[in-house]
Structure formats: structure tokens, C-alpha cells
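Taking it in order: structure first as C-alpha cells, then the write-up.
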Amino acid sequence: MITIDLIQEITRIDGTTYFDISNMVMNGRAELAAIHGLIKQVRIIQLNIPRSTAVAAYEDYLNAHFTLPPENFTEWQEWLPEVGTQSETEYHTIIRENHIG
């Protein structure tokens, strides 16, 4: 089960960035992805994000659609919500509530 507690900025190979709402395990996977050249870099923006209804709902979305990758993964999977969904609204609420972006 995925419990989110941080926001990190992921820089893709093409140089574009996005905010990833996840946890320390995924941060470790992102560090591995950077080492293996699957992403350019990762940096933690906010640790210990406060629990809110948006966080709880977004966790439900993540748990329904994603699993933590094993340590030997070969491609980076972005944990982003589907456009135009309630999960996208929750994602943006979390970003806004944490004064990011």
C-alpha cells in the first residue's frame, strides 16, 4: 500500500520537469532511475506533507493504478493523474496546499 508523504521534482531526459507526489521509497527509486539514465535528476521539494482529504483521496488513486517498482526496474513510470479526472484535481490541490509550483 502506497502512503504519500513528500513531493519531489523529476527532471525527464528531455529536460522537462514535473512534480511527483509520492514517498521515500519512490524517491529512492527515482534516485536509481537517475543513476541508470532513465531520468535526468530528482530533488525533494517538500518532506512530510500534511495529511488532508486530497492526500487521502490521491493515495487511493495511486493504490488503484500503480505499484512500487522493484529495485531492478528498466523504465521509469510517471505517477501522474489522468487529465480531466478528480485525481487531477486532488493532485493540483496538494501542490497548491504545499505552496509549490
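Note that the structure is predicted; figures quoted are calculated from it, not measured. Nothing fancy with the numbering, it's 1 onward along the sequence.
The closest donor-acceptor contact from the side chain of Asn27 to the backbone of Asn23 lies at 3.5 Å or more, if one exists at all. In this structure, Thr93 contributes its side chain and Thr89 its backbone to a donor-acceptor pair below 3.5 Å.
Side chains of Val55 and Ile4 form a contact here, defined as non-hydrogen atoms less than 4.5 Å apart. Side-chain contact between Met26 and Leu68 is present, with heavy atoms from C-beta onward closer than 4.5 Å. Residues Phe73 and Leu32 are in side-chain contact: their nearest non-hydrogen atoms beyond the backbone lie under 4.5 Å apart. A 4.5 Å side-chain heavy-atom check between Glu59 and Met1 finds every atom pair outside the cut-off. Looking only at side-chain heavy atoms (C-beta outward), Glu9 and Asp20 stay at 4.5 Å or farther from each other. Annotation: side chain of Pro69 is not in contact with side chain of Gln77 (no heavy-atom distance under 4.5 Å).
Atoms CG and CZ, from Asn98 and Phe19 in turn, are 11.0 Å apart once rounded to the nearest 0.5 Å. Atom CH2 of Trp79 sits about 11.0 Å away from atom OH of Tyr61, to the nearest 0.5 Å. In this structure, Ile44 CD1 and Ile7 CD1 are separated by 11.5 Å, a value rounded to the nearest 0.5 Å. One finds the OG1 atom of Thr67 at 12.5 Å from the NE2 atom of His65 (value rounded to the nearest 0.5 Å). Rounding to the nearest 0.5 Å gives a distance of 12.0 Å between CD1 of Ile94 and CD of Gln46. Taken from CD in Glu78 to OG in Ser22, the straight-line distance is 12.0 Å, to the nearest 0.5 Å.
Nearest heavy-atom pair across Gln41 and Ala34 is CA-CB, 4.2 Å. Taking both residues in full, the closest heavy atoms of Ile10 and Ala30 are given as CD1-CB, 3.9 Å, listed atom of the first, atom of the second, then distance. The nearest pair of heavy atoms linking Glu97 to Ser52 is OE1-OG, 3.4 Å. Across all non-hydrogen atoms, the minimal contact from Tyr91 to Pro81 is CB-CG, 3.7 Å.
At a threshold of 4.5 Å between side-chain heavy atoms, the hydrophobic network of Ile, Leu, Val, Met, Phe, Trp and Tyr places Ile100 and Leu47 in two separate groups. Taken together through direct or relayed side-chain contacts under 4.5 Å among Ile, Leu, Val, Met, Phe, Trp and Tyr, Leu62 and Leu80 form part of one hydrophobic cluster. Taken together through direct or relayed side-chain contacts under 4.5 Å among Ile, Leu, Val, Met, Phe, Trp and Tyr, Met24 and Trp76 form parts of separate hydrophobic clusters.
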Should Gln8 and Val42 be marked as a side chain to side chain contact (heavy atoms under 4.5 Å, CB included) after you check the CA-CA gap, both sets of side-chain angles, and the distance that decides it? CA-CA 7 Å; Gln8 57 189 1; Val42 58; 3.4 Å; yes

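A donor-acceptor contact closer than 3.5 angstrom is absent between the side chains of Ser87 and Glu82.
Open room surrounds CZ on Arg43; 12 or fewer heavy atoms of other groups in view lie less than 6.0 Å from it.
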